[in-house]
Amino acid sequence: MNTHKIAVIAGDGIGPEVIREGIKVLEEVATLDGGFRFAFTHFPWGCEYYKQTGKMMADDGIETLKNFDAIFLGAVGAPGVPDHISLWDLLLVIRKSFDQYINLRPVKLLNGAPTPLKDISAEDVDMVFVRENTEGEYAGSGSWLFKGKPNEVVIQDGVFSRKGCERVIRYAYELAKSQNKSLTSISKANALNYSMVFWDQIFEEVGKEYPEVKTHSYLVDAASMFMIKDPKRFEVVVTSNLFGDILTDLGAAIAGGMGLAAGANLNPKREFPSMFEPIHGSAPDIAGCGKANPLATVWSASQMLDFFGYTAWGKRLIKCIEMVLTEKKVLTPDLGGTATTEEVGNEIIRKLHTI
Ligand code: NAD
Ligand code: IPM
Ligand code: MN
């Protein structure tokens, strides 16, 4: 039987609470299918580990993770550990080391999910963000000069390589072409006169190979306005690392909230494991209360199933989420319910048995 080896980094705060449900659901899918199984290996990395060892992951962590087919990650970050340390030494180092240059984030309003937008129906919010995930504003290049002195200076470079821009933009064109959708590039070339001028140029250059794909190009400020005023303009969207980060939280807000927002960090060439995670953080404000919504994690599990080629199961899981949302009987407080994280996970499993 085909066994998929999954490294689990549940992480901090609500991470372990939502990942537990994600694993339960994946195991149920494998049992129902009967043709494949998952072997989960848990790693205790995160902020607790840091408090004990001074490190966010083991020294050979990246080497160890290379042996897995995928990584399932909860969330990272806890009060008492500076965020730039906890995130750079765990989440970001994995994205970069494994060249997970595609961050695929659906912004899709499922039937039954709440939206704060007026006069908007589910079909109007159906986007997928292709976020650059290895460089750009997150390159980690810069310096801190004259620290603590009156002439202190900090420099944070945006690094946009031709290879890095071309590959993410090409991936987005391919996705748009395969789904017969339009492609929107979001940038900011009026102010970022090197990086984003270059981005726009590459968007046009690569576009010559895809004459059949209808394109739009928006400045990020206008794009954020249109996402609220007229979300149906957007189908496949490609953008830089930082803009993609910000716009997908905005996307979460219009598509049911952080508890429903999923993401896949893909190494499309499959040279290294890809990583699947909800896009929300460790939510210290609700951690340990059983209030965390596990549906974003279940959605990211569905992305994992898609990536392994079990697309029918991927679709079924989304259908199960939709059934739970429309019935409105078993929902966590962020969606107006009183159910616990675990009860929502159990409900998804019940739905899996009905479809
Ligand atoms: P957050 O996403 O953790 O929380 C923002 C708000 O959304 C909070 O009110 C929280 O309660 C709510 N929320 C988030 N996920 C939810 C869920 N599944 N169900 C119900 N409500 C949910 O963002 P933040 O507060 O800015 O960050 C908290 C910590 O998480 C920080 O340390 C930050 O650096 C880290 N972070 C980690 C990741 C990651 O690991 N991928 C992503 C974002 C933030
Ligand atoms: C996300 C998160 C991360 C990011 C942080 C925690 C570094 O916000 O996955 O959206 O900015 O990529
Ligand atoms: Mn984010």
Side-chain angles (χ1 to χ4, degrees), residues 99-110 120-136 160-190 192 195-227 229-241 243-244 247-248 250-251 254-255 262-271 274 299 302-303 305-312 314-315 318:
D99 209 18
Q100 295 167 344
Y101 62 89
I102 300 299
N103 192 189
L104 206 59
R105 296 186 159 185
V107 174
K108 184 173 165 58
L109 183 64
L110 297 182
I120 286 289
S121 58
E123 312 80 72
D124 296 333
V125 182
D126 187 0
M127 332 174 185
V128 58
F129 271 72
V130 180
R131 168 192 180 192
E132 203 294 317
N133 210 29
T134 53
E135 55 168 36
F160 290 74
S161 67
R162 175 167 281 278
K163 176 183 161 193
C165 295
E166 279 183 0
R167 64 186 184 176
V168 67
I169 288 172
R170 183 165 282 110
Y171 182 96
Y173 271 107
E174 286 290 338
L175 185 65
K177 180 178 161 185
S178 70
Q179 300 188 349
N180 203 15
K181 299 246 169 91
S182 67
L183 175 62
T184 298
S185 164
I186 299 181
S187 63
K188 183 71 186 171
N190 53 358
L192 304 183
S195 56
M196 293 292 171
V197 173
F198 185 62
W199 175 280
D200 284 358
Q201 181 189 314
I202 291 182
F203 184 66
E204 267 194 38
E205 272 175 31
V206 176
K208 294 206 173 76
E209 298 167 33
Y210 300 90
E212 64 277 64
V213 176
K214 189 168 178 234
T215 61
H216 308 280
S217 194
Y218 293 130
L219 295 162
V220 66
D221 42 358
S224 11
M225 179 274 295
F226 282 134
M227 275 179 70
K229 297 283 280 185
D230 190 17
K232 59 178 173 302
R233 281 173 191 249
F234 301 92
E235 293 182 342
V236 180
V237 180
V238 64
T239 191
S240 71
N241 211 331
F243 293 172
L247 292 173
T248 52
L250 180 66
I254 63 173
N265 304 270
L266 303 179
N267 173 258
K269 295 185 200 142
R270 297 174 194 253
E271 309 145 303
S274 291
W299 196 326
S302 131
Q303 291 184 296
L305 290 165
D306 287 347
F307 194 68
F308 284 141
Y310 308 120
T311 48
K315 283 202 184 78
I318 302 293

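The structure displayed is predicted, hence computed values, not measured ones.
- The 12-atom threshold is exceeded at CG of N190, counting heavy atoms of other residues, nucleotides or ligands nearer than 6.0 Å.
- Using a 4.5 Å heavy-atom threshold, the side chains of V236 and V213 count as separate.
- Side-chain atoms of Q303 come within 3.5 Å of backbone atoms of A264 as a donor-acceptor pair (strictly under, hydrogens ignored).
- The backbone N or O of N267 sits nowhere less than 3.5 Å from a side-chain atom of D99 that would complete a donor-acceptor pair.
- Looking at Q100 and S274, their side chains never bring a donor and an acceptor atom within 3.5 Å of each other.
- Atom-to-atom distance recorded for R167:CZ and K269:NZ is 6.0 Å, nearest 0.5 angstrom.
- A pairwise comparison of heavy atoms in V220 and I186 identifies CA-CG2, 3.6 Å as the closest pair.
- In this structure the side chain of Y171 never reaches within 4.5 angstrom of the side chain of V238, judged on heavy atoms.
- Residues A262 and P106 approach most closely at O-CD, 3.4 Å, considering heavy atoms.
- The shortest heavy-atom contact between E166 and I202 is CG-CG2, 3.7 Å.
- Inter-residue side-chain proximity for F129 and N103 is flagged as unmet; no heavy-atom pair is nearer than 4.5 Å.
- Going from atom NZ of K108 over to atom CE of M127 covers 11.5 Å, rounded to the nearest 0.5 Å.
- Nearest heavy-atom pair, S224 versus L247, reported as atom, atom and distance to 0.1 Å: CB-CD2, 4.1 Å.
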I'd like to know whether I102 forms a side-chain contact (heavy atoms from CB on, under 4.5 Å) with V168, so could you lay out the CA-CA distance, the side-chain angles of the two residues, the decisive distance to 0.1 Å, and finally the verdict. CA-CA 6 Å; I102 300 299; V168 67; 3.8 Å; yes
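- Contact record, F243 with M196: CE1-CE, 3.5 Å, taken as the closest heavy-atom pair.
- For the atom pair OG1 of T134 and NZ of K163, the computed distance is 8.5 Å after rounding to the nearest 0.5 Å.
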Yes or no on ring pair (Phe, Tyr, Trp, His ring centres under 6.0 Å) for Y218 and F234, after CA distance, side-chain angles and deciding distance? CA-CA 11 Å; Y218 293 130; F234 301 92; 5.6 Å; yes
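- A distance of 4.5 Å separates CG in N241 from CZ in R131, rounded to the nearest 0.5 Å.
- With T215 contributing its side chain and L183 its backbone, the two residues share no donor-acceptor pair below 3.5 Å.
- A 4.5 Å side-chain heavy-atom check between V197 and L192 finds every atom pair outside the cut-off.
- Side-chain contact check for Q201 versus R162: some heavy-atom pair is nearer than 4.5 Å.
- Within the 4.5 Å cutoff, the side chain of Y210 has heavy atoms near those of the R170 side chain.
- In this structure, a donor-acceptor pair under 3.5 Å is absent between the side chains of Y101 and E135.
- Scanning for salt bridge (charged side-chain N to carboxylate O under 4.0 Å, His left out) contacts around E204 gives an empty result, with sequence neighbours left out.
- For the atom pair OG of S195 and CZ of F160, the computed distance is 4.5 Å after rounding to the nearest 0.5 Å.
- Here I120 contributes atom CD1 and D230 contributes atom CG; the two are 7.5 Å apart, rounded to the nearest 0.5 Å.
- Of the possible polar contacts, one joining the D124 side chain to the S121 backbone as a donor-acceptor pair under 3.5 Å is found.
- The nearest pair of heavy atoms linking L109 to A122 is O-CB, 3.4 Å.
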